[in-house]
Amino acid sequence: DKGNHRHFMEKEIYEQPEVVSHTLSHYIDFAEGRVKLDSAQIDFANLDRLAMSACGTAYYAGLVGKYWFERFARLPVEIDVASEFRYREMPLTGRMAALFISQSGETADTLASLRYCRDNGLTIGAVVNVRESTIARESNATFPTLAGPEIGVASTKAFTCQLSVLAALAMIAGRARGTLSAEDETGMVQALVGAPRLFNEVLQSIQPQIETLSRELSRFKDVLYLGRGTSFPLALEGALKLKEISYIHAEGYAAGELKHGPIALIDENMPVIVIAPHDRHFEKTVSNMQEVAARGGQIILITDEKGAAATTLETMATIVLPEVNEIVAPILYALPVQLIAYHTAVFMGTDVDQPRNLAKSVTVE
Ligand code: F6R
């Protein structure tokens with residue numbers, strides 16, 4: 001049932017405040033203001049490396065998780081798409097654990113990667129949405145995303161719930177390894193607790209602007225997404241979402257890679273969507289935007305109030321979000337990215353919930 005929404009995808013986008021809150025409450029003690037240590041059955045304190053793998057959108061969630069595990073828990077992460085991971089013959093040692101991410105819990109390549117790690121004796125954790133799935137069954141520890149059934153083929157609410165679980169796990173690992181101060185933990189928990197209400201406000205406030213922008217975007221054949229740090233996986237996700245439902249060719253790049261090739265493509269016919277909260281990468285990303293502007297490229301900037309105030313560049317649109325803690329940013333910035341893809345596809349008249357050639361669950365390699 002789509003309720004009063006036109007598509008399941010739209011319904012699922014608007015469900016995010018509720019399902020993210022529900023998911024977070026599984027891992028965070030809101031009253032205490034701390035993460036629930038016993039919600040992790042992985043001995044993070046004694047690991048020297050974490051292997052991670054997934055496909056598509058779940059892989060991009062994992063990429064954000066890598067930044068978080070390394071930054072907050074000082075735990076090195078090896079991550080790869082599952083179709084590569086399963087054949088890489090990565091050397092595994094006793095002090096590693098493996099973490100897989102899957103909405104359906106049935107993705108063939110992810111399952112094969114899991115079995116490779118299990119056969120090599122690693123403890124297996126899985127972030128899954130479907131709790132009675134094969135991947136959940138074959139894991140030692142399951143970390144549920146409480147997103148509810150996701151019907152739209154393009155993943156939305158499962159992605160933000162995966163990010164929520166990974167944020168909590170990185171904090172749990174940080175506490176276990178003594179690398180995250182109680183003060184930082186409390187600050188991040190407070191930010192996460194307030195996030196769902198903020199998401200509600202943002203979804204309402206940005207919608208008209210994104211509709212106008214999407215009408216313009218639907219005229220283009222190519223779009224480039226850029227981001228740095230945890231905004232880099234968001235750029236990859238933005239490009240994936242746009243291409244899979246609107247069929248507009250889109251690519252996501254680390255902003256710093258611009259001058260290593262893609263800058264050759266910049267002209268007035270390829271809008272560049274820049275994801276840039278005012279974080280410690282902001283200045284660098286601004287200089288990449290200047291390179292784009294100097295070559296006649298049109299910029300769509302997704303930033304916060306501070307970022308908007310700090311740039312004087314002319315843009316095709318600037319989407320301004322509230323300033324948030326860095327652990328909330330990727331979850332918050334997923335919202336405009338999803339809405340841009342959604343509304344552009346609606347203008348193009350494509351089958352949003354059932355895009356051509358795609359299946360919800362990829363059970364063959
Ligand atoms: C993109 C999308 C896919 C899935 C991928 C993994 O919108 O939905 O890229 O994320 O096929 O699927 P799961 O998470 O079920 O393993």
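Counting starts at 1 for both ligands and their atoms, following the listed order.
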Note the single closest protein heavy atom to [atom], along with its residue, its atom name and the distance in Å.
| atom | answer |
| --- | --- |
| atom 7 (O) of ligand 1 | Glu244 OE2, 2.4 Å |
| atom 11 (O) of ligand 1 | Val362 CG2, 4.3 Å |
| atom 15 (O) of ligand 1 | Ser104 OG, 2.7 Å |
| atom 5 (C) of ligand 1 | Cys55 O, 3.5 Å |

Looking at [X], which atoms of ligand 1 are within less than 4.0 Å of one of its heavy atoms?
| X | value |
| --- | --- |
| Gly56 | 9 (O) |
| Ala58 | 10 (O), 14 (O) |
| Val153 | 8 (O) |
| Ala154 | 7 (O) |
| Lys241 | 1 (C), 7 (O) |

Would you call [X]-[Y] a salt bridge at under 4.0 Å N-O?
| X | Y | value |
| --- | --- | --- |
| Glu150 | Lys157 | no |
| Glu237 | Lys241 | yes |
| Glu201 | Arg197 | yes |

With a 4.0 Å cut-off on heavy atoms, does Ser361 reach ligand 1?
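Judged by the 4.0 Å heavy-atom criterion, Ser361 does not count as contacting ligand 1.
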
* Closer than 4.0 angstrom: is that true for some heavy atom of Ile135 and an atom of ligand 1? ->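 For ligand 1, residue contact (heavy atoms, under 4.0 Å) with Ile135 is absent.
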
Could you give the distance from [atom1] ([X]) to [atom2] ([Y]), rounded to the nearest 0.5 Å?
| X | Y | atom1 | atom2 | answer |
| --- | --- | --- | --- | --- |
| Ile101 | Thr145 | CD1 | OG1 | 10.5 Å |
| Ile331 | Ser164 | CD1 | OG | 4.0 Å |
| Ser214 | Gln207 | OG | CD | 9.0 Å |
| Phe159 | Gln103 | CZ | CD | 13.5 Å |
| Leu111 | Thr363 | CG | OG1 | 10.5 Å |

* To do: Run the numbers on Thr160 and Gln16 for side chain to side chain donor-acceptor pair (under 3.5 Å), then give the verdict.
  => CA-CA 7 Å; Thr160 46; Gln16 289 178 108; 2.6 Å; yes

Do any nitrogen or oxygen atoms of [X] come within less than 3.5 Å of a nitrogen or oxygen of ligand 1?
| X | answer |
| --- | --- |
| Thr57 | yes |
| Ser102 | yes |
| Gln103 | yes |

Practice task
Would you indicate which of Val127, Asp109, Thr107 comes nearest to atom 16 (O) of ligand 1 when only heavy atoms are counted?
Solution key: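 The residue whose heavy atom sits nearest atom 16 (O) of ligand 1 is Thr107.
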
Looking at Thr318 and Gln209, what are the two nearest heavy atoms and their distance?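 Closest pair (atom of Thr318, atom of Gln209, distance): O-NE2, 2.8 Å.
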
